[in-house]
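Data block below; observations after.
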Amino acid sequence: MGTALVILLVLVGIVVLLGLWAVGVYNGLIKLRNLVQEAWRQIDVELKRRHDLIGNLVETVKGYAAHERGTLEDVMKARSAAMAGGQSPGQQAQTEGMLSAALGRLIAVAEAYPDLKANQNFLALQNELTSTEDRIASARRYYNANVRELNTKVETVPSNFVAGMFNVQRAEYFEVEGAERDPVKVDFGQSNQTIPPPSGYNAPQDSRSQQIPTTPPPGQIPPAPPSQ
């Protein structure tokens, strides 16, 4: 009787430990899933801001280059596709990549309009868009890091058993493929401008002040200084 009781207690202890382990793993999975969802909401906020800025940018360009209708329509179509609801992170990445490509063509068109490039509203939108692109890139890195950690837990033993029991699934990465991965460059050709040197950089200098005296080898008489 005593042996049976000990075996029963051991079995109960094992079951309790397994239950506590399963609870701990489950709580960790749920925490990671919530972090992924929170990180995605941050991306969504920045994407909505990006869409608004691009809409305002198109309206500003339209005032100076209304005849560039094809390019403007391409941007607005891509923007509408990117704003469509119900997209998975992978689908959102694809539509955002298409929008970035269309925006790049619009920026190239703006190069031909000096008055547009000098417009204060256009410059302000340019700066805001660049800042938003940077925040999206930062939020994307944070989101993908959490996705990677969650997916590792879901796919590896033994936490995958708990994930399967409670239907905790893998999350999807948010990555824009190819050259569209980087934020859109909106320097409007300023990087190609020739920047003059600082004042006095090329100013003529007294050659005498640049002469460095040399020490003659041992045994030789130093040369006489030049006559004034």
Side-chain angles (χ1 to χ4, degrees), residues 28-62 68-110 121-122 124-156 159-160 163-164 166-188:
L29 290 170
I30 297 304
K31 180 180 179 180
L32 287 174
R33 188 173 67 181
N34 290 341
L35 285 174
V36 168
Q37 293 173 351
E38 178 185 358
W40 179 251
R41 284 192 291 269
Q42 293 178 4
I43 292 178
D44 188 55
V45 169
E46 296 300 335
L47 289 178
K48 289 178 179 177
R49 177 176 177 79
R50 181 185 194 234
H51 300 157
D52 291 341
L53 289 171
I54 290 175
N56 293 336
L57 190 69
V58 169
E59 291 300 319
T60 302
V61 173
K62 189 183 299 184
E68 303 284 356
R69 181 173 301 176
T71 303
L72 295 171
E73 289 180 353
D74 287 345
V75 175
M76 295 308 294
K77 288 179 181 178
R79 176 175 176 267
S80 297
M83 293 176 64
Q87 298 185 81
S88 68
Q91 294 170 335
Q92 188 74 57
Q94 184 177 5
T95 55
E96 291 296 332
M98 296 172 61
L99 178 57
S100 293
L103 180 60
R105 292 191 293 270
L106 179 65
I107 298 304
V109 166
N121 186 46
F122 186 74
L125 289 171
Q126 164 200 338
N127 293 332
E128 287 293 329
L129 184 58
T130 300
S131 177
T132 301
E133 296 282 0
D134 291 340
R135 289 197 296 270
I136 291 174
S138 177
R140 182 180 64 215
R141 288 191 294 268
Y142 176 70
Y143 169 82
N144 287 338
N146 284 301
V147 168
R148 181 174 61 251
E149 188 172 355
L150 173 62
N151 291 350
T152 300
K153 293 288 186 181
V154 170
E155 295 173 350
T156 57
S159 55
N160 62 333
F166 295 99
N167 196 31
V168 180
Q169 300 178 352
R170 298 176 71 257
E172 197 170 6
Y173 287 99
F174 178 66
E175 292 182 334
V176 181
E177 298 297 333
E180 297 160 357
R181 182 186 304 273
D182 297 328
V184 176
K185 303 302 181 184
V186 285
D187 61 0
F188 301 102

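Contacts of Asn121 classified as side-chain contact (heavy atoms from CB on, under 4.5 Å), with partners at least two apart in sequence or in another chain: Thr60, Asn119, Leu125. Every salt bridge (charged side-chain N to carboxylate O under 4.0 Å, His left out) that Glu59 has, sequence neighbours left out, goes to Lys62. The side-chain contact (heavy atoms from CB on, under 4.5 Å) test applied to Ser80 returns no partner, not counting sequence neighbours. For Gln91, the side-chain contact (heavy atoms from CB on, under 4.5 Å) partners at least two apart in sequence or on another chain are Gln87, Ser88. Here Gln37 pairs with nothing under the side chain to side chain donor-acceptor pair (under 3.5 Å) rule; sequence neighbours left out. Among residues two or more places apart in sequence or in another chain, the ring pair (Phe, Tyr, Trp, His ring centres under 6.0 Å) test is passed with Phe166 by Tyr26. Taking Ala102 as the reference, Val75, Ala78, Arg105 meet the side-chain contact (heavy atoms from CB on, under 4.5 Å) condition, with sequence neighbours excluded. Judged as a salt bridge (charged side-chain N to carboxylate O under 4.0 Å, His left out), and not counting sequence neighbours, Arg148 has no contacts. In this structure, Gln42 has no side chain to side chain donor-acceptor pair (under 3.5 Å) partners at least two apart in sequence or on a different chain.
Leu32 and Glu149 get closest at one heavy-atom pair: CD2-CD, 3.6 Å. Asn167 and Gln169 make their closest contact through OD1-NE2, 3.1 Å (heavy atoms, listed as atom of the first residue, atom of the second, distance). Between Ala82 and Leu99 the shortest heavy-atom distance is CB-CD2, 4.1 Å. What you find for Ala171 and Val36 is that their closest heavy atoms are CB-CG1, 4.0 Å. Residues Val147 and Glu172 approach most closely at CG2-O, 4.0 Å, considering heavy atoms.
The list of ring-ring contact (aromatic ring centres under 6.0 Å, His included) pairs with a residue in residues 131-153, not counting sequence neighbours, reads Trp40-Tyr143. Listed by first then second residue, pairs satisfying ring-ring contact (aromatic ring centres under 6.0 Å, His included) with a partner in residues 74-107 number zero, not counting sequence neighbours. The stretch residues 31-49 participates, sequence neighbours left out, in these salt bridge (Lys or Arg N to Asp or Glu O under 4.0 Å) pairs: Asp44-Lys48, Glu46-Arg135, Arg49-Glu128.
The CD atom of Glu96 lies 4.5 Å from the CG atom of Leu47; values are rounded to the nearest 0.5 Å. Interatomic distance, Leu150 CG to Ser159 OG, rounded to the nearest 0.5 Å: 9.5 Å. Asn146 contributes atom CG, which lies 10.5 Å from atom OH of Tyr173 (distance to the nearest 0.5 angstrom). One distance of note links CG of Leu103 with OG1 of Thr71; it measures 11.5 Å at 0.5 Å rounding. Taking CG from Leu57 and CD1 from Ile107, the interatomic distance works out to 5.5 Å, rounded to the nearest 0.5 Å. To the nearest 0.5 Å, atom CG of residue Asn56 and atom CG of residue Leu129 are 10.5 Å apart.
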side-chain contact (heavy atoms from CB on, under 4.5 Å) between Ile136 and Arg50, worked out: CA-CA 9 Å; Ile136 291 174; Arg50 181 185 194 234; 3.7 Å; yes
Worked verdict on Glu175 versus Arg140 for salt bridge (charged side-chain N to carboxylate O under 4.0 Å, His left out): CA-CA 8 Å; Glu175 292 182 334; Arg140 182 180 64 215; over 6 Å; no
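Among Asp134, Asn127, Thr132, the single residue meeting the side-chain contact (heavy atoms from CB on, under 4.5 Å) criterion with Thr130 is Asp134.
In this structure, Arg170 contributes its side chain and Asn151 its backbone to no donor-acceptor pair below 3.5 Å.
Between Met76 and Val58, the closest side-chain pair of non-hydrogen atoms falls below 4.5 Å.
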